[in-house]
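Below is one structure, written out as structure tokens; comments come after it.
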2 protein chains.
Amino acid sequence: MLFSTATGYALRALAALPEDGTYCLAKDLSSRLGLPGPYLAKILQGLVQADILASVRGPKGGFRLTRPAHRITVGEVVAAMEGPEAMEGCVMGFPSCNGENPCPLHDAWSAVKSQVSSSMTQATIRDLQLMDIRHKKEAKERVPNSPQP
Amino acid sequence: MLFSTATGYALRALAALPEDGTYCLAKDLSSRLGLPGPYLAKILQGLVQADILASVRGPKGGFRLTRPAHRITVGEVVAAMEGPEAMEGCVMGFPSCNGENPCPLHDAWSAVKSQVSSSMTQATIRDLQLMDIRHKKEAKERVPNSPQP
DNA sequence: CGAAAAAAGCATTCCAGAATCCTTTTTCTG
DNA sequence: CAGAAAAAGGATTCTGGAATGCTTTTTTCG
Ligand code: FES
Ligand code: FES
């Protein structure tokens, strides 16, 4: 899936945070998204250190975005989660991917890398929020009223 | 790295096999490539079942390609190793990657997928052999004579 | 101030992929 | 046929990421 599952969780959690500065509980997020609770908590803490989230402890505390959603790029989040060296190395797993001794997929892969990373610096958390909205709307249309027993 | 390390090993091993039908020992391959011996052996066995390699047991036995190198595509090897479902799923790890509710990277990623998979069906083991030759030649030029103590 | 709420931090468990070891089967050679 | 060489097959260990639990610190509120 190209990135680690933790990165996916981070993106989903960020997209689920409210856009105003309200603080939001980790537990709340995890239950809303159906993600493993303590694991998500740890991920959120990491995002705090990357200055993507701000947190306050104690009652009334929680997590919130440090910036408006459209100012946080997907690339930034991926870098924070995966480290700066993500997407390095040869697609085929050959040792050392450099122009010197390219594997047959090297050119295609280089194009891919630049394409993905440019898309990632374009896309922001705001875009993910929109996606989520679409998701919910669609679900609502599909099942007009679904009682929760 | 997009694919598993085993897939990388498989590709490297296939590229290292002689083009004539000579049988080649697993142990020989592993030592030549510096790959973990028994692990490579198991990988080779898998390639036999995928009809990419043929093997014969006993003395004078070993592994060989079932077809000329230029008739074995990289895509075929990847499929044999990773299963047919490789490269499915959303780049960002969102559940279900379909056109219905695309994530912001979906279009870029779709392009990537088709590009990579078409490159993979174009490239053959023969191309990998050429890469290897380049590799060796280059090393030789760099170190004209390197005694092995 | 004291109790409760919540994040922070740390150790631990779980699990799949990576790698190793050992036994069995096949085939060649003397 | 006997023995050795080599792949085939299965069980096992190792390892890093995924996930969980527990304790500590900070903050709010009565
Ligand atoms: S060498 Fe394979 S992707 Fe660059
Ligand atoms: S939905 Fe993310 S890549 Fe298709």
Side-chain angles (χ1 to χ4, degrees), chain A residues 1-14 17 22-66 78 80-83 85-86 89 93 95, chain B residues 1-14 17 22-66 78 80-83 85-86 89 93 95:
Chain A
M1 175 230 296
L2 194 56
F3 301 127
S4 77
T5 78
T7 300
Y9 291 174
L11 289 169
R12 288 203 245 169
L14 291 174
L17 284 172
T22 358
Y23 284 94
C24 193
L25 299 191
K27 198 181 297 183
D28 196 6
L29 272 177
S30 75
S31 68
R32 209 156 18 115
L33 298 171
L35 299 182
Y39 189 39
L40 180 61
K42 176 164 297 182
I43 291 169
L44 296 177
Q45 289 166 20
L47 293 173
V48 169
Q49 304 205 321
D51 193 42
I52 291 169
L53 288 181
S55 69
V56 27
R57 312 201 228 189
K60 288 289 179 182
F63 297 90
R64 68 172 175 79
L65 301 176
T66 55
V78 170
M81 295 297 300
E82 306 269 321
E85 309 241 321
Chain B
M1 175 231 295
L2 196 57
F3 301 127
S4 78
T5 78
T7 301
Y9 291 174
L11 289 168
R12 288 203 245 169
L14 290 174
L17 285 171
T22 356
Y23 285 94
C24 192
L25 298 192
K27 196 181 299 182
D28 196 7
L29 272 177
S30 75
S31 69
R32 214 165 1 127
L33 297 171
L35 299 181
Y39 190 38
L40 181 62
K42 179 160 294 181
I43 291 170
L44 296 177
Q45 288 166 20
L47 293 174
V48 169
Q49 303 204 323
D51 193 41
I52 291 168
L53 288 181
S55 69
V56 28
R57 310 203 228 188
K60 287 289 178 180
F63 296 90
R64 68 171 174 81
L65 301 175
T66 55
V78 170
M81 295 297 299
E82 307 269 320
E85 309 242 321

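Here is how names work: the chains are called A, B, and so on, in the same order as the sequence lines, proteins then strands, and each is numbered from 1.
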Strand-adjacent residues in residues 38-46 of chain A, judged by heavy atoms under 4.0 Å from DNA chain C: A/K42, A/Q45
Using residues 59-66 of chain B as the side-chain source, report each donor-acceptor pair under 3.5 Å to any protein atom, sequence neighbours left out, with the distance given to one decimal.
unit_1	atom_1	unit_2	atom_2	d
B/R64	NE	B/Y23	OH	3.0
B/T66	OG1	B/D51	O	3.0
B/T66	OG1	B/I52	O	3.2

Heavy-atom side-chain proximity of A/P36 to A/K42 below 4.5 angstrom: no
Non-hydrogen atoms of B/A13 and B/L40 that approach each other most closely: CB-CD1, 3.9 Å
B/A80 to B/A50 - nearest heavy-atom pair and separation: CB-CB, 3.7 Å
Between D/dA8 (P) and B/L25 (CG): distance, integer Å: 12 Å
Rounded distance in Å - CZ (A/R57) to C1' (D/dT24): 8 Å
Side-chain N or O of A/T5 closer than 4.0 Å to phosphate OP1/OP2 of D/dA18: yes
Whichever of A/P59 and A/S4 has its nearest DNA chain D nucleotide further upstream toward 5': A/S4
Nearest-0.5 Å distance that lies between atom CZ in A/R32 and atom CG in A/L25: 10.0 Å
Where A/C24 and A/L29 come nearest, the two heavy atoms and their spacing: SG-CG, 4.1 Å
Sugar-phosphate, base or nothing in reach of A/Y23, heavy atoms under 4.0 Å: nothing
Nearest-nucleotide pick for A/P36, side chain only, options being D/dA8, D/dT20, D/dA18: D/dT20
Sugar-phosphate, base or nothing in reach of B/E82, heavy atoms under 4.0 Å: nothing
Short side-chain N/O contact to D/dA18 OP1/OP2 from A/Y9, under 4.0 Å: no
Side chain proximity check, B/M81 to B/L47, heavy atoms < 4.5 angstrom: yes
Residue pair B/L35, B/I43: steps toward the side-chain contact (heavy atoms from CB on, under 4.5 Å) verdict: CA-CA 11 Å; B/L35 299 181; B/I43 291 170; over 6 Å; no
Heavy-atom contact window of chain B on DNA chain C, given 5' to 3' at under 4.0 Å: C/dA18 to C/dC28
Closest approach of A/E82 to A/A86 (non-hydrogen atoms, all atoms of both residues): CB-CB, 3.7 Å
Between C1' of D/dA18 and CE of A/M81, the distance in whole Å: 11 Å
